[in-house]
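Scroll down for the structure; my scribbles are underneath it.
This one's a predicted model, so the numbers in the text were calculated from it and none came from an experiment.
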Amino acid sequence: MTELLAGVGILLTLVLTVVNGFHDASNAVALPVRFNALTPRVALWTGAVFNLMGALLVGLVLDRLISFEIPIPLNDAGVVALLCALLTAIGWDLLTWWWRMPTSSTAAIGGAVVGALLGARAAGLYDEHLAMGSYFSWNVLLPLLISPVIAFGLAFLLVVPIVYLVRHETPGRVNFRAGVVQATGAAAIHFGHGIQHARRTLWILLVLLLIVNPNLSRDSIPVWLTVLVGACLAFGTLLGGWRISYTLSARIVTLDPLRGAAAQTVSGALLFVGGFLSPIPLSTSQTTTAAILGAGSAQKFRTVYHATVLRVIASWVATVPVCGVVSAILFLAASPLIQVPAA
């Protein structure tokens, strides 16, 4: 039974990877496509390639960034907890895509895992101390609070020197150079997204494999597993969730190509550098949205659509508690079917 549940968990993890690529593709391609820096087809294929490259880099080089600090029990209760978390995160990603909201998959899966484990404890199926304070702070709260603030501030400040540097240039030349920067930034965003998502996905897959085979080494990631994650992420990117693109490019703030280039520069730099150096998982959706808002706010006239911004922020705030509660309810509903001896 454990092997069957783990197999279902692996399948759901790959489905989440595809959905995440589909949901987050807009973060990088919305501005380049709107300002004709890239065609939609080229933008998505570029994103697929760089997402694949980022995922491969994690499995082959940056495996040290894969954290096992969340205490998932290596038994049926642990498998069911992950199943509940994965179902919740998939559902939330699809729901927010339908709402055109650029929400964080990192916060969704983090909140869902914590909720499922709290449900396991409430059901008496996991009696060990759930030392999740560090995990919840570093993997859920900090990405939710810190990365958007930093992205907004940097994008806002970057607009001033950029406008000064191009003050004597013709609009055509400015727009051309801005398009080049936007395309480059899109590649960096996709690459950083591949790193960030692969870290999370490979952690879930390795935990499921450890439940089936406790003798499996955590320090050795099979190459085929990394390739599979990268391929699923690339495939999801090619599907292109264009509903969110409209929100990012037109419904949050009024942008010109120059400020779009500033937003792409900040988002790409944070996600690219953060993917290599930061142990904190950065939310691609929140980072890019905040950078777009910051760059668009650095104008003399009113450009921000506050009603949309408030809905986006509300969806960010709701992600963790909603996913946590739903995941806990799913686990409690399934708990009578789980047979795990008390610790």
- Query: Out of curiosity, does Leu74 fall in the hydrophobic cluster containing Leu82 (side-chain heavy atoms, cut-off under 4.5 Å, transitive links)?
  - Reply: yes
- Query: Do Leu154 and Leu270 have side chains that get closer than 4.5 Å, going by heavy atoms?
  - Reply: yes
- Query: Where is the tightest heavy-atom contact between Ala48 and Ala234, given as atom of each residue plus distance?
  - Reply: O-CB, 3.4 Å
- Task: Identify the two heavy atoms, one from Ala231 and one from Leu52, that lie closest to each other, and give their separation to 0.1 Å.
- Result: N-CD1, 3.8 Å
- Joint cluster assignment, Val181 & Leu271, ILVMFWY side-chain distance < 4.5 Å: no
- Message: Once rounded to the nearest 0.5 Å, what's the spacing between atom CG of Leu117 and atom CZ of Phe331?
- Response: 8.0 Å
- Message: When you compare the side chain of His23 with that of Thr103, does any pair of heavy atoms fall below 4.5 Å?
- Response: yes
- Walk me through it: do Ser105 and Asn20 pass the test side chain to side chain donor-acceptor pair (under 3.5 Å)? CA-CA 7 Å; Ser105 298; Asn20 183 254; 2.6 Å; yes
- Query: Should we say atom CH2 of Trp45 is surrounded by more than 12 heavy atoms from elsewhere, each under 6.0 Å from it?
  - Reply: no
- Determine whether Ser335 and Leu125 make a side-chain contact, defined as any pair of heavy atoms from C-beta on separated by less than 4.5 Å. yes
- Without swapping roles, check the side chain of Gln182 against the backbone of Pro257 for a donor-acceptor pair under 3.5 Å. yes
- Query: Is there side-chain contact between Thr265 and Ile162, with at least one heavy-atom pair below 4.5 Å?
  - Reply: no
- Query: Please walk me through it: do Thr46 and His190 pass side chain to side chain donor-acceptor pair (under 3.5 Å)?
  - Reply: CA-CA 8 Å; Thr46 300; His190 281 302; over 6 Å; no
- Query: Side chains of His197 and Leu233: does their closest heavy-atom pair fall under 4.5 Å?
  - Reply: yes
- Task: Nearest 0.5 Å please: distance from the OG1 atom of Thr288 over to the CG atom of Leu282.
- Result: 11.5 Å
- Message: Out of the candidates Leu31, Val266, Thr287, only one should pair with Ile292 under the side chain to side chain contact (heavy atoms under 4.5 Å, CB included) rule; please name it.
- Response: Leu31
- Is the backbone of Ala298 close enough, under 3.5 Å, to the side chain of Arg259 for a donor and an acceptor to pair up by distance? yes
- Query: Atom CD1 in Ile252, atom OG1 in Thr289: separation rounded to 0.5 Å?
  - Reply: 5.0 Å
- Query: Is a side-chain donor-acceptor pair under 3.5 Å present for Asn75 with Thr2?
  - Reply: no
- Item | Nearest heavy atoms of Ala262 and Val159, plus distance in Å | CB-CG2, 4.1 Å
- Rounded to the nearest 0.5 Å, what's the gap from CG on Asn36 to CZ on Arg34? Could you check? 10.5 Å
- Note on the structure: Heavy-atom nearest pair, Cys84 first then Thr88, reads O-OG1, 2.8 Å
- Plane angle bin for Phe22 and Trp97 - parallel if under 30°, tilted between 30 and 60°, otherwise perpendicular: tilted
- Find the distance between CG (Leu208) and CH2 (Trp203) and round it off to the nearest 0.5 Å. 9.5 Å
- Query: Checking side chain to side chain donor-acceptor pair (under 3.5 Å) for the pair Thr237/Asn51: CA distance, chi angles, key distance, verdict?
  - Reply: CA-CA 8 Å; Thr237 302; Asn51 266 305; 3.1 Å; yes
- Item | Member of Ser285, Ser283, Ser147 meeting the side chain to side chain donor-acceptor pair (under 3.5 Å) criterion with Ser104 | Ser283
- Message: Walk me through whether Trp242 and Leu44 qualify under side chain to side chain contact (heavy atoms under 4.5 Å, CB included).
- Response: CA-CA 11 Å; Trp242 294 109; Leu44 291 179; 3.6 Å; yes
- Message: Regarding Ser245 and Ser26, do their side chains bring together a donor and an acceptor under 3.5 Å, going by distance alone?
- Response: yes
- Between Ser249 and Leu255, is any pair of side-chain heavy atoms under 4.5 Å apart? no
- Message: I'd like to know if the side chain of Gln299 and the backbone of Thr254 have a donor-acceptor N/O pair within less than 3.5 Å.
- Response: yes
- Query: Checking Thr308 side chain against Arg251 main chain: does a donor-acceptor pair fall under 3.5 Å?
  - Reply: yes
- Query: Does the pair Asn175 and Phe35 meet the rule for a side chain to side chain contact (heavy atoms under 4.5 Å, CB included), with working shown?
  - Reply: CA-CA 9 Å; Asn175 290 342; Phe35 294 118; over 6 Å; no
- Message: When you group the ILVMFWY residues by side-chain heavy-atom contacts below 4.5 Å and let the links chain together, are Met53 and Val29 in the same group?
- Response: no
- Query: Are side-chain heavy atoms of Ile195 and Phe191 found at a separation under 4.5 Å?
  - Reply: yes
- Query: Applying the 4.5 Å side-chain criterion to the ILVMFWY set and letting contacts propagate, would Val113 and Val80 be lumped into a single cluster?
  - Reply: yes
- Does the side chain of Asp93 come within less than 4.5 Å of Leu16's, by heavy atoms? yes
- Query: At what distance, to the nearest 0.5 angstrom, does CD1 of Ile204 lie from CG of Leu209?
  - Reply: 12.0 Å
- Query: Between Thr201 and Ala198, is there a donor-acceptor pair closer than 3.5 Å when you use the side chain of the first and the backbone of the second?
  - Reply: no
- Query: Checking side chain to side chain contact (heavy atoms under 4.5 Å, CB included) for the pair Ile109/Leu86: CA distance, chi angles, key distance, verdict?
  - Reply: CA-CA 7 Å; Ile109 191 65; Leu86 290 166; 4.2 Å; yes
- Message: If you compare all heavy atoms of Ala290 against all heavy atoms of Pro148, which two are closest, and at what distance to 0.1 Å?
- Response: CB-O, 3.2 Å
- Message: The criterion is salt bridge (charged side-chain N to carboxylate O under 4.0 Å, His left out); which residues satisfy it with Arg167, sequence neighbours excluded?
- Response: none
- Query: Checking side chain to side chain contact (heavy atoms under 4.5 Å, CB included) for the pair Leu239/Val18: CA distance, chi angles, key distance, verdict?
  - Reply: CA-CA 9 Å; Leu239 297 177; Val18 173; 4.1 Å; yes
- Honestly curious: do Leu210 and Leu5 fall in one hydrophobic cluster under the side-chain, below-4.5 Å linking rule? yes
- Shortest non-hydrogen contact between Tyr305 and Ala250, atoms and distance: CE1-O, 3.6 Å
